[in-house]
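As a basis for the values below, the full set of heavy atoms in this structure was taken, side chains included, without hydrogen atoms, waters or symmetry mates. Naming: A, B, ... by sequence-line order, numbering from 1 per chain. This is a predicted model, so every value here is computed, not measured.
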There are 2 protein chains.
Amino acid sequence: MANDINIAAICNCTKIRRAQRHITRLYDTCLAESGAGVRATQFAILGLLKREGPKTMMELANMMTMDRATIGHNLRPLERDGLVRIEVSQSDRRARIVSVTDEGKKRIEIGRSGWERAQTEFEGLLGHEQAQSMRNMMDEVIGLSFSIN
Amino acid sequence: MANDINIAAICNCTKIRRAQRHITRLYDTCLAESGAGVRATQFAILGLLKREGPKTMMELANMMTMDRATIGHNLRPLERDGLVRIEVSQSDRRARIVSVTDEGKKRIEIGRSGWERAQTEFEGLLGHEQAQSMRNMMDEVIGLSFSIN
DNA sequence: ATATTTTAGTCTTATATGCCCGTAAAAGCA
DNA sequence: TGCTTTTACGGGCATATAAGACTAAAATAT
């Protein structure tokens, strides 16, 4: 059966997914405690829009390494709660321009303390250099151009 | 505003989530091409059950670094398709014993080629040593005991 | 200028993830 | 023994993720 190899132990996908779940629970918990009312991904999207300015959905999807449909779904609760604004682009009526609202910016500030607590907790346990090393490695992974797709 | 720091660039959670999405797309695509009819997480659960034998949901949740409710949700499609069996434990009627069926084992074999293609593609681009290093780092992350929760 | 192709986003469907609450059973305690 | 607490799951809810089909609009080709 050649089933001696322990796939779970060497599968890069399984490993990173497990680690991602663990980290996300930490950040989501801290963000929830801060009272920002946003999850990790939402916090990331809002922060990106605040820093980089309005972006189309495609641009957001690329910047977040996310499917365009996923961005659309993720934006819906944010739009419903008034944290982002979505408008038809004037220069290309197919595109939608997404921008963070004042309320969205407020939420970022509220959530920042929670994010910092999670970030501090994580790096305190793993070590700053190890964390930096991990982020660099993640950047490399994100940059890989797979032959499929 | 102290908004000069680029949260997206230093947030460990955002980075690992982005990388996870990228990797998962590769593995899911290859698994789909193999015709196994299972996704990355399902493949991991089936493989774990095949290798380690029947497990309770709690055990599965711990081994997968997953919420126990999540395991329950993830098992539903597998049970529906006859890839796993879920029975009440005789020694503890609260617990459910999950085991992989013959059909489930068959799916693993079918999917193995897809998994290997993804694994080869990933490690070919990132490098075997880098991949090993990444998995070790993920193991460290998984092992962290956060003070919250 | 018209026809074709490509691109941006939506809608549907399905899995993935985890919280909270409730139920039932086991474990611990008085 | 009987009461309380803990534990294992299920149900409901909400967000997260992406493939596939579809629509509309822009870009390109003829």
(Q) Considering every strand and a 4.0 Å limit on heavy-atom distances, what is the contact class for A:Ala69: base, sugar-phosphate, or nothing? (A) base
(Q) When you compare the side chains of B:Glu116 and B:Thr120, does any donor N or O come within less than 3.5 Å of an acceptor on the partner? (A) no
Q: Give one of base, sugar-phosphate or nothing for B:Arg68, where a contact means two heavy atoms less than 4.0 Å apart.
A: base
**Q.** Sugar-phosphate only, base, or nothing, as touched by B:Thr56 at under 4.0 Å among non-hydrogen atoms
**A.** sugar-phosphate
Q: Examine C:dA16: is either OP1 or OP2 under 4.0 Å from a nitrogen or oxygen in the side chain of B:Gln20? Give yes or no.
A: no
Q) Hey, does B:Thr70 reach any base, or is it just sugar-phosphate, or nothing, if we go heavy atoms under 4.0 Å? A) base
(Q) Just so I know, are the side chains of A:Cys30 and A:Trp115 near enough to count as touching, which here means a heavy-atom distance under 4.5 Å? (A) no
Q: Any chance you could lay out the side chain to side chain donor-acceptor pair (under 3.5 Å) test for B:Gln42 and B:Arg39, step after step, and finish with the verdict?
A: CA-CA 5 Å; B:Gln42 299 176 321; B:Arg39 312 273 293 272; over 6 Å; no
Q: Would you check if there is a donor-acceptor pair between the side chains of A:Gln132 and A:Asn136 at a distance under 3.5 Å?
A: yes
Q: Round to the nearest Å and state the distance from A:Leu46 atom CG to D:dA16 atom C1'.
A: 15 Å
**Q.** Nearest-angstrom distance from the residue atom CE of B:Met58 to P of D:dT7
**A.** 9 Å
Q. Within the structure, does a side-chain N or O atom of B:Arg93 lie under 4.0 Å from either OP1 or OP2 of C:dA26?
A. yes
Q. Between atom CZ in A:Arg21 and atom C1' in D:dT17, what is the gap in whole Å?
A. 13 Å
Q. Does A:Arg25 place a side-chain N or O at less than 4.0 Å from the phosphate oxygens OP1/OP2 of C:dG18?
A. yes
Q: Take A:Met66 and A:Asp92, find for each the nucleotide of DNA chain D with the closest heavy atom, and name the residue whose nucleotide sits nearer the 5' end.
A: A:Met66
Q) Considering heavy-atom distances to DNA chain D, does A:Arg39 or B:Glu59 have its closest nucleotide positioned more toward the 5' end? A) B:Glu59
Q. Roughly, in whole Å, what's the span from CG in B:Asp28 to P in D:dA16?
A. 19 Å
Q: Round to the nearest Å and state the distance from A:Met64 atom CE to D:dA18 atom P.
A: 10 Å
Q. To the nearest angstrom, how far is A:Glu79 atom CD from C:dT10 atom C1'?
A. 13 Å
Q. Between B:Asp67 and A:Ala95, which has a closest nucleotide on DNA chain C that is more 5'?
A. A:Ala95
Q) CG of A:Leu60 versus C1' of D:dT17: gap in Å, rounded? A) 16 Å
Q: Figure out the CD1/P separation between A:Ile86 and C:dG9, and round it to whole Å.
A: 10 Å
Q) Looking only at side-chain N and O atoms, does B:Thr41 come under 4.0 Å of OP1 or OP2 in C:dT17? A) yes
Q: Give a yes/no on whether any side-chain N or O of B:Arg80 is located under 4.0 angstrom from OP1 or OP2 of C:dT15.
A: yes
**Q.** Phosphate OP1/OP2 of C:dT15: any B:Asn74 side-chain N/O under 4.0 Å
**A.** no
Q.
Tell me the closest heavy-atom pair linking A:Ile142 and B:Lys15, and the distance in Å.
A. CD1-O, 4.0 Å
Q: Give a yes or no on whether a salt bridge exists between B:Arg96 and B:Glu59, defined as a side-chain N under 4.0 angstrom from a carboxylate O.
A: no
Q: Would you please confirm or rule out a distance under 4.0 Å between OP1 or OP2 of D:dA26 and any side-chain N or O of A:Arg94?
A: no
Q | Residue whose closest nucleotide on DNA chain C lies nearer the 5' end, B:Ala40 versus A:Arg96 | A | A:Arg96
